[in-house]
Amino acid sequence: MRFLLKYKFTLTGMIAGAIGGYLYYHFIGCGSGTCSITSQPLNSTLYGAAMGALILSGINNHQTETKDQNHE
């Protein structure tokens, strides 16, 4: 439970990114099949999950650093 609370932003970003990656594959995708990321649903889902996790964990780290600096 402590793990989920500690990484809630990262996990939320991962889930949202995975959904977004799959939706990108489904609605836009790659017609020719030669695109490395969007040619397969698994590839675009994993890429979206990674990007979502990186973005939201970066936002969370920035907020934590700002909060720590304000308390000094």
4.5 Å side-chain heavy-atom contact, I28 and T38 = no

Distance-only donor-acceptor pairs under 3.5 Å for side chains of residues 39-53, two or more places apart:
from: S39; atom 1: OG; to: C35; atom 2: O; distance (Å): 2.7
from: N43; atom 1: ND2; to: S36; atom 2: O; distance (Å): 3.1
from: S44; atom 1: OG; to: G21; atom 2: O; distance (Å): 3.2
from: S44; atom 1: OG; to: P41; atom 2: O; distance (Å): 3.2
from: T45; atom 1: OG1; to: P41; atom 2: O; distance (Å): 2.7

What orientation do Y22 and Y25 show, parallel under 30°, tilted 30 to 60°, or perpendicular over 60°?
-> tilted

Going hydrophobic residue to hydrophobic residue with side-chain gaps under 4.5 angstrom, can you get from L54 over to I37?
-> yes

CE-CD1 distance between M14 and I19, expressed to the nearest 0.5 angstrom = 12.5 Å

Pick one: which of T10, L11, T12, I15 meets side chain to side chain contact (heavy atoms under 4.5 Å, CB included) with L56?
-> T12

